[in-house]
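Below is one structure, written out as structure tokens; the observations come after it.
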Amino acid sequence: MQLEKLEGYNSIYAVDVVRKEYKKLFGKNSKEYADCLQKLRVNLKILDVNGIQKALQYQQFEKLDNEELYSIRYVSKSNPRVLFAVFDGESFILLSCCKEKNRGDYEIAKETARARMKQLEE
């Protein structure tokens, strides 16, 4: 697993598979993908410029209970979420994503994010 610095941001990184996983969430629905990707980019810019504490003031950001994980979410039919962690207090690493159709989808994404975070720490 490798980290990629996302172009256009100072402190946003992603594990190398997250881009493909995010696109795969939307299947052949390219319009939905484009709309959600645009929203994600706006939210990543908010995070990049303002940091986690200010970002958490926005409803689309949440800290997961008893976790070192955070989520960017969009309330919509598909309910896409991107899970990330804060490293060194300044860097943000996108770890996994899902469409939360039911609670199990979100739990799987959290498990994936935890496993990837552990790999990065080793």
Side-chain angles (χ1 to χ4, degrees):
M1 183 176 57
Q2 303 237 333
L3 278 182
E4 302 175 340
K5 186 173 187 300
L6 297 186
E7 188 176 331
Y9 306 99
N10 294 317
S11 57
I12 308 288
Y13 298 81
V15 294
D16 53 1
V17 295
V18 169
R19 284 186 191 197
K20 287 181 183 177
E21 288 175 350
Y22 190 74
K23 188 170 186 173
K24 189 177 177 181
L25 291 177
F26 302 97
K28 295 181 181 180
N29 192 337
S30 59
K31 180 173 178 359
E32 182 185 21
Y33 169 68
D35 290 346
C36 288
L37 183 60
Q38 181 60 32
K39 290 175 186 173
L40 178 60
R41 287 179 175 151
V42 168
N43 287 311
L44 290 176
K45 187 56 85 173
I46 289 169
L47 183 62
D48 194 43
V49 170
N50 297 301
I52 191 62
Q53 293 308 316
K54 286 192 179 179
L56 287 171
Q57 295 173 6
Y58 293 85
Q59 69 179 6
Q60 63 268 36
F61 290 89
E62 70 176 335
K63 182 174 187 329
L64 304 183
D65 292 335
N66 302 316
E67 299 273 354
E68 295 300 318
L69 296 174
Y70 298 82
S71 172
I72 300 173
R73 59 191 170 153
Y74 312 112
V75 177
S76 67
K77 268 186 177 179
S78 61
N79 202 16
R81 294 178 180 258
V82 175
L83 281 71
F84 67 95
V86 179
F87 281 84
D88 299 328
E90 297 177 1
S91 298
F92 308 99
I93 301 177
L94 309 183
L95 297 165
S96 69
C97 56
C98 71
K99 277 188 175 182
E100 187 182 9
K101 296 176 187 167
N102 60 56
R103 197 72 185 152
D105 296 333
Y106 200 24
E107 292 303 318
I108 291 168
K110 288 195 279 189
E111 284 299 321
T112 300
R114 285 184 207 110
R116 289 176 178 169
M117 192 165 58
K118 188 174 180 178
Q119 281 183 293
L120 290 172
E121 291 171 345
E122 292 175 349

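Of the possible polar contacts, one joining the S96 side chain to the A109 backbone as a donor-acceptor pair under 3.5 Å is found. With hydrogens and angles ignored, the 3.5 Å screen pairs a side-chain donor or acceptor of N102 with a backbone N or O of G104. Judged by distance alone, with hydrogens and angles left aside, the side-chain atoms of K54 form no donor-acceptor pair with the main-chain N or O of I46 at under 3.5 Å.
Residues Y13 and V49 do not share a hydrophobic cluster, defined by chaining ILVMFWY side chains whose heavy atoms lie under 4.5 Å apart. In the hydrophobic clustering of ILVMFWY residues, with side-chain heavy atoms under 4.5 Å counting as a link, I72 and I108 come out apart.
Distance check, rounded to the nearest 0.5 Å: CD1 of I93 to CZ of F84 gives 11.5 Å. Expressed to the nearest 0.5 Å, how far CD1 of I12 lies from CG of L94 amounts to 6.5 Å. Taken to the nearest 0.5 Å, the CD atom of Q2 stands 10.5 Å off from the CG atom of L120.
Sparse packing is recorded around NZ of K24, with 12 or fewer heavy atoms of other residues, nucleotides or ligands lying under 6.0 Å away. Sparse packing is recorded around CD of E68, with 12 or fewer heavy atoms of other residues, nucleotides or ligands lying under 6.0 Å away.
Within the 4.5 Å cutoff, side-chain heavy atoms of L56 are placed close to those of Y70. D16 is not listed as a side-chain neighbour of L3, based on a closest heavy-atom distance of 4.5 Å or more. Residues R116 and V18 meet the side-chain proximity criterion, which asks for heavy atoms closer than 4.5 Å. The closest side-chain heavy-atom distance from R114 to E111 is below 4.5 Å. Side-chain contact check for D105 versus N79: every heavy-atom pair is 4.5 Å or farther apart. By the 4.5 Å heavy-atom criterion applied to side chains, F87 and M117 are counted as neighbours. At least one side-chain heavy atom of L64 sits less than 4.5 Å from a side-chain heavy atom of L83.
Considering all non-hydrogen atoms of both residues, L47 and A55 come closest at CD1-CB, 3.9 Å. Y9 approaches K45 most closely through the heavy-atom pair CE2-N, 3.6 Å.
With sequence neighbours excluded, the residues forming a side chain to side chain contact (heavy atoms under 4.5 Å, CB included) with S11 are D48, F92, listed by chain and number. For L25, the side chain to side chain contact (heavy atoms under 4.5 Å, CB included) partners are Y22, C97, K99, not counting sequence neighbours.
A salt bridge does not link E100 with R73: every distance from a Lys NZ or Arg NE/NH1/NH2 to an Asp or Glu carboxylate oxygen is 4.0 Å or more.
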Salt bridge (charged side-chain N to carboxylate O under 4.0 Å, His left out) between K118 and E121, intermediate numbers included: CA-CA 5 Å; K118 188 174 180 178; E121 291 171 345; over 6 Å; no
Intermediate values then yes/no, salt bridge (charged side-chain N to carboxylate O under 4.0 Å, His left out), K31 and D35: CA-CA 6 Å; K31 180 173 178 359; D35 290 346; 2.9 Å; yes
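Identified under the side chain to side chain donor-acceptor pair (under 3.5 Å) test for residues 56-66, with sequence neighbours left out: N43-Q60, E62-R81, E62-Y106.
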